[in-house]
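What's counted below: heavy atoms across the whole structure, side chains too, no hydrogens, waters or symmetry copies.
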Amino acid sequence: MSPVSDQSGTTGASYAAAGVDIEAGDRAVELMKEWVKKAQRPEVLGGLGGFAGLFDASALKRYERPLLASATDGVGTKVDIARQMGVYDTIGHDLVAMVMDDIVVCGAEPLFMTDYICVGKVHPERVASIVKGIAEGCVLAGCALVGGETAEHPGLLGEDDFDVAGAGTGVVEADRLLGADRIRTGDAVIAMAASGLHSNGYSLVRHVLLNQAGLALDARIEEFGRTLGEELLEPTKIYSLDCLALTRTTEVHAFSHITGGGLAANLARVIPDGLHAIVDRSTWTPEPVFDLVGRTGRVERLELEKTLNMGVGMMAIVPSESADAALATLADRGVDAWVAGEITDRGEHTTGAELVGDYAV
């Protein structure tokens, strides 16, 4: 059908004229197909392009009482670092980690994920690069990428602006559900090292390093051995399969994903009333990026700790007698981990978790 014109020859309004490029969207879908194919599980039916992703639930018959776990998240203002750097294939790792590492906390196996990418203008190669990262992240988490949506919002977002979000589903046997009710006095708290800042606190990080200090993303930082931008874009570590391996090889009572709010606040979320988690700072040394943010912005330690992960991305709470076996399993999988604290009676403490001591130098 031809565009509608009036007698003066003026062409009528169109979706393209309003800023939405359907052909570019189709091109993006074609480019991302090869990556989505890599992030599959045998339970997935159909391919990319349908209105809904299909997952064969009969696979859950092996469970006596399957509980579905669901989570949704984004990666915050870290997307602005990716935009400024022009690097789009790592932000997807962050998205998968933020969603699937929340799901595994209850002991659930990640099954599948969907994504939502919102852009000011569809640049097909850029969108495909984001999906590439999501697909690679799904492989690392052991889940399938069953679908997603790319939305073009001209007039609301700049041509280079974008945001990402995702939702995921996992499954756990009811009698293997992990959480606060399993935790006991004397349990060991095991810390798993973060790969860096992960995907939280970037509003503070950007404010301190880029706005206040005026550091350039392409500036080489000696403490990092690379540029500031490369450090800030380091992908979030995905712990899902490591945590599941831990549940298969030793007794685990609970996990805590250290995200927004910091270490103590997230650990407290899984501590039951009457008990208290004590984490000793002297058991590890945070990476240089945390010191740079704190020192440059003169950020008080408590403020830093309630905003950033301080070098710990996931924590496991296990019986004290299982700590050595847990550390051995994680070491075999290449995960840097250590006993960072213990569970005690709450006593007069008003919170479920606290950090004590000073960081190791």
Side-chain angles (χ1 to χ4, degrees), residues 36-48 50-73 95-115 134-148 165-184 187 190 192 237-257 259 266 269-272 313-319 321-322 325-326 328-330 332-333 335:
V36 176
K37 287 180 181 178
K38 298 177 186 295
Q40 294 297 305
R41 288 175 54 115
E43 302 95 338
V44 175
L45 304 178
L48 188 66
F51 285 94
L54 299 175
F55 188 91
D56 185 358
S58 68
L60 305 183
K61 288 181 178 179
R62 69 178 187 273
Y63 291 85
E64 292 187 12
R65 186 188 170 199
L67 302 180
L68 294 180
S70 178
T72 186
D73 212 335
L95 181 63
V96 176
M98 299 308 290
V99 173
M100 288 305 175
D101 284 346
D102 274 356
I103 283 176
V104 81
V105 161
C106 67
E109 174 191 358
L111 295 177
F112 57 85
M113 182 167 175
T114 58
D115 64 67
I134 297 172
E136 291 174 338
C138 285
V139 171
L140 293 174
C143 67
L145 180 59
V146 297
T169 299
V171 63
V172 60
E173 189 70 73
D175 63 6
R176 296 184 64 83
L177 184 68
L178 304 181
D181 61 326
R182 291 178 178 262
I183 297 175
R184 300 290 183 266
D187 282 354
I190 292 177
M192 300 180 217
K237 182 169 177 57
I238 298 173
Y239 300 93
S240 304
L241 296 184
D242 302 315
C243 290
L244 291 178
L246 210 55
T247 65
R248 290 192 296 268
T249 58
T250 190
E251 184 178 354
V252 177
H253 288 166
F255 290 113
S256 177
H257 186 197
T259 58
N266 280 287
R269 293 168 66 179
V270 299
I271 304 301
M314 181 73 75
M315 304 198 89
I317 300 175
V318 306
E321 62 271 19
S322 299
T329 294
L330 293 171
D332 288 344
R333 298 185 59 84
V335 179

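To the nearest 0.5 angstrom, Ser70 atom OG is 10.5 Å from Asp102 atom CG. We find the CG-OH distance between Leu140 and Tyr239 to be 13.0 Å, quoted to the nearest 0.5 Å. A distance of 11.0 Å separates CD1 of Ile238 from CE of Met98, quoted to the nearest 0.5 Å.
Pairing each heavy atom of Leu246 with each of Ala316, the nearest pair is CD2-CB, 4.0 Å. Closest approach of Asn266 and Thr259 over heavy atoms only: ND2-O, 3.2 Å. In terms of heavy-atom proximity, Ala141 sits nearest to Val96 at CB-CG1, 3.9 Å.
For Arg184, there are no side chain to side chain donor-acceptor pair (under 3.5 Å) partners two or more places apart in sequence or in a different chain. Among residues two or more places apart in sequence or in another chain, the side chain to side chain donor-acceptor pair (under 3.5 Å) test is passed with Ser256 by none. Under the side chain to side chain donor-acceptor pair (under 3.5 Å) criterion, Arg333 pairs with Asp242, sequence neighbours left out. For Thr72, the side chain to side chain donor-acceptor pair (under 3.5 Å) test picks out no residue, with sequence neighbours left out.
Between the side chain of Asp101 and the main chain of Ser240, a donor-acceptor pair closer than 3.5 Å is present. With hydrogens and angles disregarded, no donor-acceptor distance shorter than 3.5 Å links the side chain of His253 to the backbone of Val318. One N or O on the side chain of Glu173 and one on the backbone of Glu64 form a donor-acceptor pair closer than 3.5 Å.
Geometrically, Lys61 does not engage Tyr63 in a cation-pi contact defined by less than 6.0 Å to the ring centre and at most 45° from the axis.
For residues 243-252, no residue pair satisfies the salt bridge (charged side-chain N to carboxylate O under 4.0 Å, His left out) rule, not counting sequence neighbours. Identified under the salt bridge (charged side-chain N to carboxylate O under 4.0 Å, His left out) test for residues 104-113, with sequence neighbours left out: Arg41-Glu109, Arg62-Glu109.
Shown here is Arg269, whose CZ atom has no more than 12 heavy atoms of other residues, nucleotides or ligands within 6.0 Å.
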Practice problem: In sequence, state the C-alpha distance, the side-chain angles, and the governing distance for Cys143 and Leu111, and then conclude on side-chain contact (heavy atoms from CB on, under 4.5 Å). | Solution: CA-CA 5 Å; Cys143 67; Leu111 295 177; 5.8 Å; no
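When each of Asp187, Leu178, Val252 is tested with Ile317 by the rule side chain to side chain contact (heavy atoms under 4.5 Å, CB included), just one qualifies, namely Asp187.
Looking only at atom types and distance, the side chain of Thr329 has a donor-acceptor partner in the side chain of Thr249 under 3.5 Å away.
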